[in-house]
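All remarks here apply to the structure that follows.
Lettering of chains follows the sequences in order, A, B, ..., and the numbering in each one begins at 1. Model, not experiment: these values are computed from the prediction.
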There are 2 protein chains.
Amino acid sequence: MAVTFREVKADILLKITQGVWPPGDLIPNEVDLAESYGCARATVNRAVQELADDGIVERRRKAGTRVRMAPVRQARFNIPIVRQEIEDRGAVYRYTLVNRELRTAPDWLGKQLKIPPEGRVLHLACVHYADATPFQFEDRWINLDVLPEASEADFTNTGPNEWLVATIPFSDVEISFLATQADTALAQHLGCTARDALFQTERITWWQGRAITYVRLTYQPGHKMTTRY
Amino acid sequence: MAVTFREVKADILLKITQGVWPPGDLIPNEVDLAESYGCARATVNRAVQELADDGIVERRRKAGTRVRMAPVRQARFNIPIVRQEIEDRGAVYRYTLVNRELRTAPDWLGKQLKIPPEGRVLHLACVHYADATPFQFEDRWINLDVLPEASEADFTNTGPNEWLVATIPFSDVEISFLATQADTALAQHLGCTARDALFQTERITWWQGRAITYVRLTYQPGHKMTTRY
DNA sequence: CAGTGGTCTAGACCACTGA
DNA sequence: CAGTGGTCTAGACCACTGT
């Protein structure tokens with residue numbers, strides 16, 4: 001094994017960061033690169049492929065490979081399970097179920113999840129604590145047309161998230177991040193002041209084309225979600 | 001070309017989602033899979049490799065490939081350039097520089113960027129408009145120890161982001177998402193009410209181990225950042 | 001139509017690590 | 001130490017898409 005694709009990737013990246021191949025520039029084609037590195041084209045291909053995945057370069061057949069004008073445009077966030085997030089901070093995780101109701105889907109939910117009118121849903125409200133402090137409020141809706149078992153499940157000790165993760169093997173997710181103002185209910189659950197600015201994530205989870213669940217997670221004031229790329 | 005790696009990947013994923021290979025299970029090794037799909041091992045390798053990248057399975061030499069108990073939760077967000085974000089919405093982009101000052105780094109900034117005391121920085125405040133409405137407020141600090149050219153640059157017509165992108169070829173970034181309450185200055189710049197909940201991102205950009213810039217981007221009320229995974 | 005990336009193959013050797 | 005994934009090679013054909 002002469003030259004690894006990692007070495008090739010690193011060297012190309014170096015040439016880009018050092019301005020040998022500035023943004024917007026065309027870099028040599030795979031055959032030429034392979035020759036200059038003394039390796040097979042497949043090795044170069046993998047290296048450049050990864051650079052494309054990373055958003056560093058842009059590739060088009062016949063047109064060649066170009067260094068992107070705006071190099072990095074993507075960040076990867078880990079979406080933690082609440083329990084883990086709390087335990088990672090060295091705190092004790094505690095969970096309480098605040099409310100549970102079986103009902104028909106409200107209009108706004110029906111539209112988002114494409115539930116027919118009169119579709120039954122399970123609505124849960126929970127608080128996740130880090131030690132004694134409220135850490136996150138969970139407002140969860142589960143589509144009973146798709147997951148009727150949910151109405152039998154006992155959520156007094158286990159959070160719906162962990163139950164769902166164990167029940168659904170794999171899924172498509174649409175996730176949003178936003179800011180919201182605490183209303184009185186939220187303020188009470190999170191032990192903060194009404195009108196506080198709160199970080200919130202919304203998630204819709206699909207399985208085999210059908211919406212399973214909608215959840216809105218609201219964090220305690222001051223929460224920050226961080227990553228590097 | 002008999003079987004593509006996409007087909008293999010899709011079929012394996014199907015077997016996982018349909019419970020043929022439930023979470024925690026060991027799936028067949030690459031040689032067996034290649035035989036059963038009637039393709040080369042490299043094809044299977046690429047398929048399973050991607051499933052591992054996607055967090056669906058976990059691979060270890062000798063131990064084999066295992067379906068993850070809880071599929072890893074990762075979301076990829078596009079980090080848009082403001083101009084593009086606005087133009088993608090079909091609005092006209094407009095930019096104004098609100099303030100510009102040369103000064104020594106305040107303590108909190110010095111700590112975050114590891115700037116020595118008395119280090120010089122350029123502090124900029126800008127508003128990015130979508131049509132006539134304020135879309136985003138940019139609070140930007142540039143480390144002049146690393147980028148002295150910034151003090152010469154003219155930011156009256158071009159935003160610092162675009163200037164930086166054109167100047168720095170590639171970089172490491174630490175990014176955070178959070179919620180903040182509008183103070184009077186923010187409210188004025190964004191045309192909203194004080195105490196509104198605003199979505200905010202913070203970014204620190206590093207190049208070759210040195211901090212170049214810190215920026216805090218505050219969005220208009222109601223802004224939502226969305227992705228699928 | 002011709003140049004470039006996209007992918008597959010068949011075979012090989014290596015690197016890690018569980019039994 | 002033996003089984004599994006990790007990677008490279010040399011060659012081939014295909015699929016796009018600019019010119």
Side-chain angles (χ1 to χ4, degrees), chain A residues 1-16 20-71 73-74, chain B residues 1-16 20-69 71-72 74 76:
Chain A
M1 182 183 317
V3 180
T4 71
F5 78 93
R6 287 169 203 285
E7 288 166 345
V8 174
K9 183 179 177 184
D11 188 74
I12 294 175
L13 197 50
L14 199 68
K15 288 216 172 63
I16 293 174
V20 181
W21 295 325
D25 229 40
L26 212 53
I27 76 176
N29 70 38
E30 295 191 348
V31 178
D32 292 350
L33 284 173
E35 193 181 354
S36 75
Y37 287 115
C39 67
R41 180 164 79 97
T43 305
V44 169
N45 180 274
R46 175 146 187 206
V48 183
Q49 188 78 256
E50 287 199 1
L51 288 172
D53 285 347
D54 295 345
I56 312 294
V57 300
E58 199 169 11
R59 323 193 72 189
R60 260 154 61 215
R61 284 161 151 134
K62 164 78 181 178
T65 301
R66 218 169 258 292
V67 180
R68 272 191 194 276
M69 297 302 291
R73 332 173 348 266
Q74 292 199 329
Chain B
M1 182 184 317
V3 179
T4 72
F5 79 92
R6 286 168 205 286
E7 289 168 344
V8 174
K9 183 180 176 183
D11 187 74
I12 294 175
L13 197 48
L14 199 68
K15 288 216 170 65
I16 292 173
V20 181
W21 296 324
D25 230 40
L26 213 53
I27 76 175
N29 69 38
E30 295 191 349
V31 178
D32 292 350
L33 285 173
E35 193 181 354
S36 74
Y37 288 115
C39 68
R41 179 163 81 96
T43 304
V44 169
N45 180 274
R46 174 148 186 204
V48 183
Q49 189 80 255
E50 287 200 2
L51 288 172
D53 285 347
D54 294 347
I56 312 297
V57 299
E58 200 169 10
R59 321 193 72 188
R60 261 153 61 215
R61 285 163 153 134
K62 164 77 181 180
T65 300
R66 220 168 256 292
V67 181
R68 273 192 194 275
M69 296 302 289
V72 158
Q74 273 196 343
R76 276 186 116 147

Item to complete: Determine, stepwise, if the pair B:K9 / B:L14 fulfils side-chain contact (heavy atoms from CB on, under 4.5 Å).
Response: CA-CA 9 Å; B:K9 183 180 176 183; B:L14 199 68; over 6 Å; no
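- The distance from atom CD of B:E7 to atom C1' of C:dT7 is 12 Å, rounded to the nearest whole Å.
- Rounded to an integer number of Å, the gap from CG of A:N45 to P of C:dG3 is 20 Å.
- Distances shorter than 4.0 Å separate none of the side-chain N or O atoms of B:T65 from OP1 or OP2 on D:dT4.
- Considering all non-hydrogen atoms of both residues, B:P23 and B:R68 come closest at CB-O, 3.6 Å.
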Return the polar atom pairs (N/O with N/O) between nucleotides 16-19 of chain C and the protein under 3.5 Å, or none.
{"residue": "C:dG18", "atom": "OP1", "partner": "B:R60", "partner atom": "NH2", "Å": "3.2"}

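- In this entry the distance linking CD of A:E50 with C1' of C:dG5 reads 16 Å, nearest Å.
- Taking both residues in full, the closest heavy atoms of A:I12 and A:L33 are given as CD1-CD1, 4.3 Å, listed atom of the first, atom of the second, then distance.
- When rounded to the nearest whole Å, the span between CZ of B:R59 and P of C:dA15 equals 18 Å.
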Practice prompt. In sequence, state the C-alpha distance, the side-chain angles, and the governing distance for A:R66 and A:E58, and then conclude on salt bridge (charged side-chain N to carboxylate O under 4.0 Å, His left out).
Written response: CA-CA 5 Å; A:R66 218 169 258 292; A:E58 199 169 11; over 6 Å; no
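- Atom CZ of B:F5 and atom C1' of D:dT7 are 17 Å apart (whole Å).
- Distances shown here put a side-chain N or O of B:T43 below 4.0 Å from the OP1 or OP2 atom of C:dT9.
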Discussion item. Between B:T43 and B:T4, is the side-chain contact (heavy atoms from CB on, under 4.5 Å) condition met? List the steps.
Written reply: CA-CA 7 Å; B:T43 304; B:T4 72; over 6 Å; no
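- When all heavy atoms are compared, the tightest approach of A:Y37 to A:V3 is O-CG2, 3.3 Å.
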Fill in: Dot-bracket encoding of pairs in DNA chain D, which uses [ ] for pseudoknotted crossings and | for another strand, Watson-Crick or G-U under 3.5 angstrom
||||||||||||||||||.
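- Put simply, CD on A:E35 is 13 Å from P on C:dT4, counting in whole angstrom units.
- Of all heavy-atom pairs between A:L26 and A:G64, the closest is CD1-C, 4.2 Å.
- Residue B:R6 is in sugar-phosphate contact alone, with no base atom involved, counting any heavy-atom pair closer than 4.0 Å across all strands shown.
- A:R41 has no side-chain polar atom (N or O) that falls below the 4.0 Å cut-off from OP1 or OP2 of C:dG5.
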Item to complete: Tell me, with the steps shown, if B:R59 and B:E30 meet salt bridge (charged side-chain N to carboxylate O under 4.0 Å, His left out).
Response: CA-CA 11 Å; B:R59 321 193 72 188; B:E30 295 191 349; 2.6 Å; yes
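- Rounded to an integer number of Å, the gap from CD1 of A:I27 to P of C:dG5 is 8 Å.
- In this structure, the CG atom of B:L51 is 12 Å from the P atom of D:dG6, given to the nearest Å.
- Between A:R6 and A:E50 there is no salt bridge, since no side-chain N of the basic residue sits under 4.0 Å from a carboxylate O of the acidic one.
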